[in-house]
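Since the structure is predicted, the reported quantities are computational estimates derived from the model, not experimental observations. Each chain gets a letter, A, B and so on, in the order the sequences are listed, and its residues count up from 1.
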Amino acid sequence: MSDFVSNLSLGFSVAFSWQAMAYCFLGVSLGTFIGVLPGIGSLAAIAMLLPLTFGMEPTHALIMLAGIYYGSNYGGSTASILLNLPGTPSSAVTCIEGYPMSQQGRAGVALFMTAIASFVGSICGMLIMAIFSPPIAALAFSFSAPDFFSLMVLGMIAASTLASGSPIKGLAMIGLGLIMGMVGRDLYSGLLRFSYGVDELYEGLPLVAVALGIFGLPEVIKNAGQITGRTVKAKDISFRSMLPTRDDWRRSWGAMGRGTALGSFFGALPGTGGLLASFMSYATERRLSKEPWRFGKGAIEGIAGPEAANNAAVQTAFIPTLTLGIPGDIVMAIMLGALTIHGIQPGVSVINSHPDLFWGLLVSFLFGNMMLLVLNIPLIGLWVRMLSIPYWVLYPFIVAFICIGVYSVNSSVVDLYVLIFFGFLGVVMTTLKFEPAPLVLGLILGPMLEENMRRALTLSRGDYTVFFTRPISGMFMAMAALVLIWTIYGAIKARSVRRDHLREMARNLPDD
Amino acid sequence: MTKIKTIDVCAGAFIVLIGVLAIVESLSFEIGTTRRIGPGYFPFYVGLFMVVLGVVIALERLWTKSLADTEFSFPPLRAPLLIMAAVVTFAVMVERFGLIPAVGVGVFLASLADTNTTLMQKLTVSVAVPLVATLIFKIGLDMHVDVIRWRP
């Protein structure tokens with residue numbers, strides 16, 4: 001207990017400095033801004049702004065980048081509610097109930113409740129992170145190579161099969177990511193693999209260029225010339241119009257609690273993140289509701305639950321990232337890349353060798369979320385006004401910032417060609433209906449996966465059963481197998497349902 | 001064969017192709033034994049895994065019966081080509097002519113992707129973005145890049 005108090009006081013001493021506060025404020029404001037605007041995701045934004053943090057202290061850099069991430073989750077719901085356009089992917093669920101509310105003239109209440117739900121989810125997620133991270137990190141010290149290998153396998157399988165889209169295509173993207181991760185010098189032999197004569201790639205593919213090529217450029221390409229004509233009146237949202245009724249509160253509390261629990265769990269599971277948690281929370285609220293017919297027509301618990309879930313997930317995603325060095329979701333993967341760039345080797349030792357970073361970051365979440373509450377309730381009119389910035393003004397800036405951001409990392413034109421290559425790949429993947437997120441996860445985990453596999457097999461003298469006989473490793477493998485079986489079962493069931501449906505339709509068709 | 005099936009067959013073929021590329025690359029390295037894994041071991045098995053997945057993706061779709069296939073329309077090419085051209089322009093120009101010309105020309109190409117704006121709006125953006133970029137990255141962040149130079 002005294003440890004806990006001294007850790008927290010260390011965190012306060014780091015996060016309470018005016019510099020840390022300033023970067024935190026900058027981060028959450030930028031995050032809200034990016035979240036409010038549809039057409040820039042938080043992942044692209046963080047990758048784009050990553051080069052700006054190179055000159056900073058690692059702790060400040062991380063405080064700012066994290067602020068962008070959770071800030072964008074607050075802002076993401078604004079466009080969902082007012083325009084039926086999700087500002088970030090995880091706020092897509094908020095459209096379902098939020099937009100009908102705004103059509104009924106209750107936009108203010110919806111905005112207020114999302115801010116409150118986001119705050120509740122974040123703070124609970126943060127507390128869970130504070131309580132569970134030290135024991136997990138301590139436990140992880142006893143992990144050896146096979147355990148890490150199996151944990152990464154579990155994370156990758158969970159990420160590819162539980163996310164949206166086809167599970168098998170997700171697995172294929174993981175594989176592609178693993179191959180991309182092998183580009184560069186092999187740690188053991190020193191040989192260059194998959195570099196195809198480009199010697200500049202010996203350190204591996206530049207992460208910022210890959211992420212912006214695969215997420216940033218296709219996003220701009222998809223939206224350029226498409227997002228037009230939005231009209232929102234900021235003055236319609238007065239503070240008085242934001243206050244929920246007693247009935248709204250009564251419906252929302254339980255939803256927030258359940259959402260927070262779901263979000264904290266899925267956030268902490270490596271590889272899955274807020275998107276899954278928010279969908280699960282919505283489905284749960286709908287199933288538990290005594291009046292399910294209200295859903296789809298502006299049921300407030302349908303926004304309170306998912307918003308709490310997705311913000312709790314964002315906070316708990318930091319647990320595996322900082323205690324195990326395994327990213328909790330795709331943005332965390334970029335965050336790990338940021339740590340490496342700042343000279344901090346991600347892994348089990350971060351929490352012990354850099355306690356100031358870990359606890360400072362944690363306490364900054366508290367301040368950041370308090371700032372976000374102010375930014376998103378009294379100052380909401382400001383952000384609503386931002387929605388009237390037309391996309392034709394915005395996207396040329398995004399294209400320019402993507403180019404400059406990638407170039408500024410190493411002042412290297414080769415990085416720009418990597419950006420172009422992955423931009424094309426991103427467009428091809430969108431056309432062929434592949435999800436890009438598992439690819440980046442595979443790319444980041446690939447080198448760690450290969451290293452741990454080699455080390456494990458060397459230790460076991462080439463015996464593969466080591467991954468199943470060691471208790472911790474075996475447990476992760478069993479969980480991975482369960483996830484796979486569940487996915488295959490779901491796919492077969494969906495097929496048979498569809499087949500029955502087709503047969504039914506064919507029977508009802510008149511004979512030709 | 002309906003159009004939507006074509007997409008998934010292409011997708012499967014794409015994954016098989018990448019798997020084959022990985023296997024080919026892995027053969028130029030020592031595979032090693034399970035006791036001492038060589039640099040070719042991991043790429044070889046990941047490649048094999050990709051080939052299997054690619055075949056499954058293609059076959060799974062061919063076996064699926066469906067009545068209503070959504071029509072596959074070829075994606076519009078204007079936005080992808082112009083946005084990619086903008087990035088290529090930046091890559092080619094930035095070390096030869098400096099930040100302002102590279103961003104200006106690139107942004108102009110990118111702005112052509114939106115067909116709803118007037119030429120005046122496109123030109124305004126093409127002037128404003130390089131100036132803002134210079135203010136932020138050169139003056140604000142002291143980035144190592146010349147604003148204007150001549151080294152064709």
Side-chain angles (χ1 to χ4, degrees), chain A residues 52 55 166 168-169 171-172 175-176 178-179 182 186 188-189 191 193-194 217 220-222 224-225 228 391-393 395-397 399-404 407-408 411 413 416-417 419-420 423-424 427-428 430-434 449-450 453-454 457-458 461-464 495 498-499 502 505-506, chain B residues 7-8 10-11 14-15 18-19 22 25 29-30 33-39 42-43 46-47 49-50 53-54 56-57 60 64-67 75 79-80 83-84 86-88 90-91 94-95 99 102-103 106-107 110-111 113-117 121 125-126 129-130 132-133 137 141 143-145:
Chain A
L52 304 190
S166 148
I168 189 154
K169 283 183 159 179
L171 281 178
L176 182 56
L178 290 178
I179 293 174
M182 289 176 226
D186 171 39
Y188 284 67
S189 61
L191 296 169
R193 293 187 296 184
F194 292 97
L217 289 179
V220 174
I221 287 168
K222 191 179 86 198
T228 46
Y391 200 65
W392 65 265
V393 174
Y395 86 83
F397 276 101
V399 175
F401 285 13
I402 287 176
C403 293
I404 300 172
Y407 179 71
S408 68
S411 293
V413 177
L416 286 169
Y417 289 113
L419 171 72
I420 294 163
F424 271 114
V427 173
V428 170
T430 318
T431 315
L432 296 178
K433 307 230 177 335
F434 283 109
L449 189 77
E450 185 179 6
M453 185 177 89
R454 282 185 178 185
L457 287 179
T458 311
R461 297 163 205 268
D463 184 7
Y464 263 101
R495 268 179 90 97
R498 198 170 48 215
R499 198 177 303 137
L502 282 176
M505 278 175 77
Chain B
I7 293 190
D8 272 350
C10 288
F14 171 71
I15 295 300
I18 290 169
E25 174 79 7
F29 301 102
E30 193 193 341
T33 61
T34 46
R35 196 175 274 224
R36 272 192 70 85
I37 289 180
F42 200 58
V46 174
F49 170 71
M50 294 283 280
L53 279 182
V56 174
I57 289 173
E60 202 253 344
T64 305
K65 282 194 210 133
S66 51
L67 266 184
I83 304 279
M84 296 315 286
V87 184
V88 173
F90 180 84
V94 67
E95 293 202 336
L99 189 66
V103 173
V107 162
S111 73
D114 189 337
T115 47
N116 304 317
T117 50
Q121 286 173 321
V125 175
S126 313
V129 177
V132 174
F137 290 95
L141 295 162
M143 188 179 142
H144 288 285
V145 64

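- Scanning all heavy atoms of the two residues, the minimum distance from B/Val129 to A/Ala400 falls at CG1-CB, 3.5 Å.
- Scanning both residues, A/Tyr395 and B/Asp114, for their nearest heavy atoms gives OH-N, 3.2 Å.
- In this structure, B/Phe137 and A/Phe401 have perpendicular ring planes: the angle between them is above 60°, well past the 30° mark.
- Taking chain B as the reference chain and counting heavy-atom pairs below 4.5 Å, the highest number among A/Val393, A/Val413, A/Thr430, A/Ile402 is found for A/Val413.
- Using a 4.5 Å cut-off between heavy atoms, A/Leu178 touches chain B through its side chain atoms alone.
- For the set B/Gly19, B/Ala91, B/Pro39, B/Ala113, the entry with the most heavy-atom pairs within less than 4.5 Å of chain A is B/Pro39.
- The one candidate from A/Ile420, A/Leu416, A/Leu419 that meets the side-chain contact (heavy atoms from CB on, under 4.5 Å) condition with B/Phe90 is A/Leu416.
- For B/Phe29, the part lying near chain A is the side chain, with the backbone staying farther off; criterion is any non-hydrogen pair under 4.5 Å.
- Of the residues considered (B/Val88, B/Thr115, B/Val56), B/Val88 shows the highest number of contacts with chain A, using heavy-atom pairs under 4.5 Å.
- Between A/Met182 and B/Val46, some side-chain heavy-atom pair lies under the 4.5 Å cut-off.
- Residue B/Val125 touches chain A through its side chain alone, counting heavy-atom pairs closer than 4.5 Å.
- Both the backbone and the side chain of A/Phe424 come within contact range of chain B, with heavy atoms under 4.5 Å apart.
- Ranked by heavy-atom pairs shorter than 4.5 Å toward chain A, the options B/Val107, B/Ile15, B/Val103, B/Leu99 are led by B/Ile15.
- In this structure, CG in A/Leu171 is found 10.5 Å from CE in B/Met50, a value given to the nearest 0.5 Å.
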